[in-house]
Engineer: 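First the structure, then my questions, so here it is.
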Amino acid sequence: MAKSLNRVTLIGNLGQDPELRTIPSGMMVCTVSLATTESYKDKTTGEWKETTDWHRVVLWDNLAKLAGDYLKKGSKVYIEGRIKYGTFEGKDGQTRYTTDIVASSLIMMSKDSSGGSNSSNYDPNFSQSAGASIVEQLAGHLTPDIDDDIPF
């Protein structure tokens, strides 16, 4: 059994275009701002309300390149990763705290401009099915092909 687990799964929309850059070591890094929205019914008024949380997501290397090339403001994405907390000193000398999601997996859920769908999870053969839930799509991707020539 694992001694600990740091895992985050998010589905949301980008709030701005990805910021892609290369660090001095030559590695690519991309940061995106991801909005996740929850809808709920207010018990006192009976009205539907929404709350939105914003997440700073950091993607490295191949995922960074992919995000920089194909994502844009409004893109819907499925992200898996881990939470990373950090601190730094601001220009005013104050200590600042950060909470980042370091992505290990990215699935693009938005249609691209050509009418197709973009998807990647380090697997170029993975494709999205329009209208299917993410669970169905992932389950279909993980299920091995079965030979139809079985005699029973």
Engineer: Looking only at non-hydrogen atoms, find the nearest pair between Trp54 and Gly15 and report the distance.
Structural biologist: CZ3-CA, 3.5 Å

Engineer: With clusters defined by side-chain heavy atoms of hydrophobic residues (ILVMFWY) lying less than 4.5 Å apart, directly or transitively, does Ile79 cluster with Tyr70?
Structural biologist: yes

Engineer: Please give me the minimum heavy-atom distance between Leu34 and Leu10, naming the atom from each residue.
Structural biologist: CD2-CB, 3.8 Å

Engineer: With Thr44, which residues qualify under side chain to side chain contact (heavy atoms under 4.5 Å, CB included), at least two apart?
Structural biologist: Asp42

Engineer: Return the set of residues passing side chain to side chain contact (heavy atoms under 4.5 Å, CB included) with Lys65 (not counting sequence neighbours), or none when no residue passes.
Structural biologist: Met28, Asp69

Engineer: Hey, could you give me the CD/CZ distance between Gln94 and Phe88, rounded to the nearest 0.5 Å?
Structural biologist: 11.5 Å

Engineer: If a pair satisfies salt bridge (Lys or Arg N to Asp or Glu O under 4.0 Å) and one of its residues is in residues 7-16, list it, with sequence neighbours excluded.
Structural biologist: Arg7-Glu80

Engineer: So which heavy atom on Cys30 is nearest to which on Pro18, and how close?
Structural biologist: SG-CB, 3.4 Å

Engineer: The criterion is side chain to side chain contact (heavy atoms under 4.5 Å, CB included); which residues satisfy it with Ile23, sequence neighbours excluded?
Structural biologist: Arg21, Ser25, Met27, Val29, Trp60

Engineer: Is there a side-chain contact between Leu66 and Met108 (heavy atoms, below 4.5 Å)?
Structural biologist: yes

Engineer: Would you please name every residue forming a side-chain hydrogen bond (donor to acceptor under 3.5 Å, both in side chains) with Thr52, sequence neighbours left out?
Structural biologist: Thr37

Engineer: Is any side-chain heavy atom of Leu14 closer than 4.5 Å to a side-chain heavy atom of Lys73?
Structural biologist: no

Engineer: Applying salt bridge (charged side-chain N to carboxylate O under 4.0 Å, His left out), can you list everything that pairs with Asp100, at least two apart in sequence or on another chain?
Structural biologist: Arg56

Engineer: Taking only residues two or more places apart in sequence or in another chain, which ones pass side-chain hydrogen bond (donor to acceptor under 3.5 Å, both in side chains) with Thr9?
Structural biologist: none

Engineer: With sequence neighbours left out, what residues match Thr99 under side chain to side chain contact (heavy atoms under 4.5 Å, CB included)?
Structural biologist: Ile83, Tyr85

Engineer: Taking the side chain from Ser110 and the backbone from Lys76, do they hold a donor-acceptor pair closer than 3.5 Å?
Structural biologist: yes

Engineer: Minimum heavy-atom separation for Ala67 and Leu59, please, with both atom names.
Structural biologist: CB-CD1, 4.2 Å

Engineer: Residues sharing Trp48's hydrophobic cluster, by side-chain heavy-atom contacts under 4.5 Å among ILVMFWY, directly or via others?
Structural biologist: none

Engineer: Using links of under 4.5 Å between side-chain heavy atoms of ILVMFWY residues, direct or through other members, which residues join Tyr97 in one cluster?
Structural biologist: none

Engineer: Starting from Val8, can I reach Val57 by hopping between I/L/V/M/F/W/Y residues whose side chains sit under 4.5 Å apart?
Structural biologist: yes

